[in-house]
Amino acid sequence: MPELPEVETIARGLAKRVTGDVVQSVWIGRKKQPLKSSATEITSVLEHSRIAAVHRMGKHIVFDLDHDRAGSRRAQWIVHLGMTGRLQVCDAQTETAKHTHAILTLASGREVRFIDPRRFGRLSVASAGDFDTQGVEPLEVDLEHFIPLFQGRKTPIKSALLNQKLLRGVGNIYADESLFRAGIRPRRRASTITRENFAKLHRSIQEVLKEAIALGGSSVSDYVNADGEEGFFQLEHRVYGREGEPCLVCKIPIKRIVIAGRSSHYCPKCQK
DNA sequence: ACTATTTCCTGGATGC
DNA sequence: TGCATCCAGGAAATAG
């Protein structure tokens with residue numbers, strides 16, 4: 001399940017491969033589509049545009065497009081991978097994977113393919129500047145802007161961390177891992193957390209995300225980067241997916257509870 | 001203005 | 001072996 005570190009890794013890999021290439025044609029499957037813009041709209045924006053850059057915003061992969069049509073504004077192709085989405089860069093000869101929903105043919109002869117079995121992913125286009133996800137980038141926000149995000153919220157801190165309108169890019173894995181490192185229980189009401197603990201949490205989130213990016217993300221279920229390689233951060237998980245296993249600090253078994261329909265893992269002794 | 005719950009979707013795991 | 005059931009979860013929609 002791609003969260004910020006996985007999406008960052010994928011975006012970097014894509015940028016290396018397709019920056020400067022030109023989209024010649026677009027195919028979009030007719031199966032009930034995970035589209036936020038219409039297929040016609042996506043096709044017309046993408047076709048004959050040059051990929052100027054690929055970068056990440058929250059959990060979205062953003063392709064900045066230059067159009068050669070005079071007077072047309074710069075545009076962006078935005079991909080959200082959902083749970084199981086993948087973007088593959090390959091030769092036209094490569095066999096089409098099951099659940100391929102969109103194919104961009106590039107001037108270089110290669111193709112960018114969007115594959116998503118569970119279809120929680122989303123494709124859309126926007127004029128440059130129009131796409132603005134709410135929420136702040138967790139790796140950019142400083143403590144003084146971080147704390148107010150949670151002030152007055154009665155919701156469990158875990159839910160608040162997952163709320164993309166506050167902080168964008170943190171998902172289930174990194175929320176659990178950050179809370180463990182900060183020593184805060186996932187069910188703690190956001191409004192009851194002290195300034196000191198917010199400082200710990202802020203630091204933990206940045207550390208966890210940076211370490212995960214350095215290791216190419218976490219490969220659980222079927223995540224692979226743009227090269228089809230797995231990441232290694234899953235080996236560093238201290239609580240996520242470790243229900244019943246001993247806490248790496250105190251040996252007490254890790255607990256799993258459900259918060260807002262999401263499984264949440266924590267150590268009952270190390271987290272208060 | 002918030003918060004909580006439900007819905008979407010399929011592959012893999014589990015149970016009988 | 002086969003078949004039914006459950007579960008994973010991001011974000012939008014809906015309900016409270």
Side-chain angles (χ1 to χ4, degrees), chain A residues 1-11 29-38 56-62 78-87 96-102 114-124 126 131-138 148-179 186-193 205 209 212 217-224 230-231 233-234 237 239-244 254-266:
Chain A
M1 47 213 89
E3 302 179 27
L4 187 152
E6 292 77 29
V7 177
E8 179 69 32
T9 303
I10 293 166
R30 71 254 124 228
K31 200 172 186 176
K32 189 180 167 215
Q33 275 299 311
L35 306 178
K36 287 180 88 176
S37 312
S38 74
R56 178 193 63 76
M57 287 176 72
K59 296 175 192 170
H60 300 263
I61 298 170
V62 179
I78 299 138
V79 179
H80 192 296
L81 298 171
M83 290 284 298
T84 54
R86 278 193 295 140
L87 280 171
T96 310
K98 211 177 165 183
H99 306 297
T100 299
H101 303 301
F114 175 65
I115 304 155
D116 186 10
R118 222 169 288 181
R119 287 190 276 150
F120 275 20
R122 291 289 178 268
L123 306 182
S124 61
F131 176 68
D132 186 27
T133 63
Q134 300 161 285
V136 297
E137 282 290 336
L149 296 175
F150 307 98
Q151 244 144 31
R153 293 187 178 269
K154 297 193 196 103
T155 196
I157 185 64
K158 169 71 183 278
S159 299
L161 291 177
L162 294 180
N163 184 346
Q164 303 296 298
K165 293 186 173 117
L166 302 177
L167 212 54
R168 65 193 197 202
V170 176
N172 210 33
I173 295 175
Y174 299 103
D176 281 5
E177 293 298 318
S178 301
L179 287 168
R187 262 215 251 267
R188 270 284 294 281
R189 305 267 152 193
S191 55
T192 70
I193 295 174
I205 290 170
L209 294 176
S218 300
S219 286
V220 296
S221 75
D222 44 14
Y223 163 75
V224 288
E230 298 192 343
F233 193 73
Q234 68 280 8
H237 292 176
V239 286
Y240 183 85
R242 297 192 65 245
E243 181 185 11
I254 297 300
K255 276 193 83 167
R256 188 181 78 91
I257 57 177
V258 174
I259 299 172
R262 302 283 165 268
S263 58
S264 303
H265 312 74
Y266 71 99

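Keep in mind it's a predicted model, so treat the numbers as computed, not measured. Residue numbers begin at 1 in each chain, while the letters A, B, ... track the order of the sequences.
If you measure from atom NZ of K158(A) to atom C1' of dG10(C), you get 12 Å, rounded to the nearest angstrom. In this structure, N163(A) places its CG atom 10 Å from C1' of dT3(B), rounding to the nearest Å. Nucleotide dA12(C) holds its P atom 14 Å from the CZ atom of R168(A), rounded to whole Å. In this structure, F150(A) places its CZ atom 20 Å from P of dA1(B), rounding to the nearest Å. Whole-Å rounding puts the R153(A) CZ to dA1(B) P distance at 12 Å. Spacing between atom CG of L81(A) and atom P of dA11(C) amounts to 11 Å, rounded to whole angstrom units. Distance, Y174(A) OH to dG9(C) P: 13 Å, rounded to whole Å. Atom CE in M83(A) sits roughly 16 Å away from atom P in dA12(C) (whole-Å rounding).
On a pure distance criterion of 3.5 Å, a polar donor-acceptor pair joins the side chain of R118(A) and the base of dA8(C).
Take the nearest nucleotide of DNA chain B for S159(A) and for H99(A): the residue whose nucleotide is more 5' is S159(A). Of the two residues contacting DNA chain B, namely K98(A) and P156(A), the nearest-nucleotide position lying further toward the 5' end is that of P156(A).
Using modelled atom types, one finds no donor on one side chain facing an acceptor on the other under 3.5 Å when comparing H101(A) with D116(A).
Here R122(A) does not reach the OP1 or OP2 of dC9(B): none of its side-chain N or O atoms lies under 4.0 Å away. A sub-4.0 Å separation between OP1 or OP2 of dA4(B) and a side-chain N or O of T155(A) is present.
Taking a centre distance below 5.5 Å and an interplanar angle below 30 degrees as the stacking criterion, F120(A) does not stack against the six-membered base ring of dA11(C).
D176(A) is listed as a side-chain neighbour of K158(A), based on a closest heavy-atom distance under 4.5 Å.
Within the 3.5 Å criterion, the main-chain N or O of H265(A) finds no donor-acceptor partner in the side chain of R256(A).
In this structure, S263(A) reaches the sugar-phosphate backbone alone: every heavy-atom distance under 4.0 Å involves primed, P, OP1 or OP2 atoms, never a base. Residue contacts shown for R189(A) are limited to sugar-phosphate atoms, with no base heavy atom under 4.0 Å away. Across all strands shown, Y240(A) has heavy atoms under 4.0 Å from sugar-phosphate atoms exclusively, and none from any base.
When each of dC2(B), dA4(B), dC9(B) is scored by its nearest atom to the side-chain atoms of R119(A), the top-ranked nucleotide is dC9(B). In this structure, the nucleotide among dG10(C), dC2(B), dG11(B) sitting nearest to the side chain of K59(A) is dG10(C). Checking dT3(B), dG9(C), dG11(B) against every side-chain atom of K154(A), the shortest atom distance belongs to dT3(B).
The shortest non-hydrogen separation linking I173(A) to E3(A) is N-OE2, 2.9 Å.
Interatomic distance, I61(A) CD1 to E6(A) CD, rounded to the nearest 0.5 Å: 11.0 Å.
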